[in-house]
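The chains referred to below are lettered A, B, ... by the order of the sequence lines, with proteins before strands, and numbering in each begins at 1.
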Number of protein chains: 2
Amino acid sequence: MIKKQYSTEQRIVDAARSVFVERGFAAARMKEIAGKAGLNQALLHYYFKNKDLLFERVFQDAVRTFFPLIISILESDKGIEEKMTDLVHTYVDFLKANPHVPGFLIHEVTQNPNRLTKFLRTEALPVPVKLIRQYQDGVAAGKYIPIDPIQLIVSVIAMCVFPFVARPMIQTVFGLDNGAFESFIENRKDQITHFIINGMYR
Amino acid sequence: MIKKQYSTEQRIVDAARSVFVERGFAAARMKEIAGKAGLNQALLHYYFKNKDLLFERVFQDAVRTFFPLIISILESDKGIEEKMTDLVHTYVDFLKANPHVPGFLIHEVTQNPNRLTKFLRTEALPVPVKLIRQYQDGVAAGKYIPIDPIQLIVSVIAMCVFPFVARPMIQTVFGLDNGAFESFIENRKDQITHFIINGMYR
DNA sequence: GTCTATATAACGATAGAC
DNA sequence: GTCTATCGTTATATAGAC
């Protein structure tokens, strides 16, 4: 089942990601990670001295894939409306491929905000200044209504991310099976775009 | 510090809620709960046989305060736009008073969806049929654009809840101190209302 | 009901052979 | 590097006195 073409370290990190993301730090078991990586606990500790260090690795990898994707789209050369459309489609597709990552990050940062602070001291994460200026120019020109651009960004992200973070709750409450949820998500892309772009005017 | 005017059981439940909500089931410690309730671990187990049963109590209490509030507003006799305004204001105020409850519920339902399913078998949680019909009538009359009402509901909830669930992440990324975050939330009420109501037209 | 003391199990981590 | 065996600690949970 486990391909030896991957290095032991790589297999450990992959297994650790799957377990940490699925269960969270507190409920994750080193034993399960070792099992998924196809080795014993002793070897796991040989590669990563302790649980915290292994978690750190997984956490930082997740931050590095989660944030830059948003920023790069927000800071492209396109117009705001196109950026928003791009962001929604690209991000929802990313979330479909990594449905549990945002919930994982949110939970772990909430439990220990220092993890993110620490990360940001090493690798600065740029605020999307370009988009913010762009929007403010649009406001000055009387094109958009004067709202805080951060509200705009938080709203898009919220509408994209929330269904994935709260998926079991949404499916249970509204009685959606997996198929229904997936088409809900597919419809949602246009839905969000509409809400956001419409919300900038009038 | 601990008032004896509350029954021992009540003190236990209060302490348990605070610890479970703050740390989640897996990271919560019976010892900390006992300490906060002002008693020892043995007595804690005398009142609640085990950790799971105590958690069940806290979880169900949270569900009972979290969902009905939304439903009651959505099923009132008012018009849709007024309902949305009501919902946003009431709900954000509720969230300000109970900022960690939604994150708690989301995380625990994700970890074990059965907890919610089990609850709903006992106490049925009504889907807001009234609002859904109301919106569909508006669509038939050509007043609103034809979108899935569930998309509408998920969007409002998402925009209200997300900032609280992801608070440490948002504050860290955008560099907001507590004061800035609180005024962000206060502004957000009108913001969300605007996005939602605008989104129903055109 | 409430306590102290303790059983029991699980978990993270290490020692030491190969 | 990889393994088996085991240590030390901490968690939940119980026994039994008061």
Exercise. When the aromatic ring centroids of B/Phe55 and B/Phe20 are compared, is their separation below 6.0 Å?
Worked result: yes
Exercise. Do the ring centers of A/Tyr91 and A/Phe66 come within less than 6.0 Å of each other?
Worked result: yes
For this session: Check whether any side-chain nitrogen or oxygen of B/Asn40 sits under 4.0 Å from OP1 or OP2 of C/dC3, and answer yes or no.
Result: yes
For this session: Ignoring backbone atoms, establish whether B/Thr8 has a side-chain N or O less than 4.0 Å from OP1 or OP2 of C/dG1.
Result: no
Determine all donor-acceptor pairs shorter than 3.5 Å in which one atom belongs to a side chain in residues 92-104 of chain A; sequence neighbours excluded.
from, atom 1, to, atom 2, distance (Å)
A/Asp93, OD1, A/Lys189, NZ, 2.7
A/Lys96, NZ, A/Glu186, OE1, 2.7
A/Asn98, ND2, A/Phe94, O, 3.1

Atom-pair distance ([atom1] on [X]; [atom2] on [N]), nearest Å:
X	N	atom1	atom2	value
B/Ile12	C/dT2	CD1	C1'	11 Å
A/Lys51	C/dA13	NZ	C1'	12 Å
B/Leu44	C/dA5	CG	P	19 Å
B/Tyr47	D/dT14	OH	C1'	18 Å
B/Leu43	D/dA13	CG	C1'	14 Å

Considering only nitrogen or oxygen atoms on both sides, find all protein atoms under 3.5 Å from nucleotides 14-18 of chain C and state each distance.
from, atom 1, to, atom 2, distance (Å)
C/dT14, OP1, A/Lys49, NZ, 3.4
C/dT14, OP2, A/Lys49, NZ, 3.1

For this session: Classify the side-chain pair B/Gln191/B/Asn187 by whether it contains a donor and acceptor separated by less than 3.5 Å.
Result: no
For this session: Could you note down all residue pairs passing salt bridge (Lys or Arg N to Asp or Glu O under 4.0 Å) where residues 147-168 of chain B supplies at least one of them, sequence neighbours left out?
Result: none
Seminar exercise, completed: Contact check, residues 16-33 of chain A vs DNA chain C, heavy-atom distance under 4.0 Å, returns A/Ala28, A/Arg29, A/Met30
Seminar exercise, completed: Taken in chain and number order and not counting sequence neighbours, the residues that satisfy salt bridge (charged side-chain N to carboxylate O under 4.0 Å, His left out) with B/Arg188 are none
All N/O donor-acceptor pairs, side-chain side in residues 43-50 of chain A, below 3.5 Å, sequence neighbours left out:
from, atom 1, to, atom 2, distance (Å)
A/His45, ND1, A/Gln41, O, 3.1
A/Asn50, OD1, A/Asp52, N, 3.2
A/Asn50, OD1, A/Leu53, N, 3.0

Exercise. Is it the case that B/Arg64 places NZ or CZ above or below the six-membered ring of B/Phe59, under 6.0 angstrom from the centre and within 45 degrees of the axis?
Worked result: no
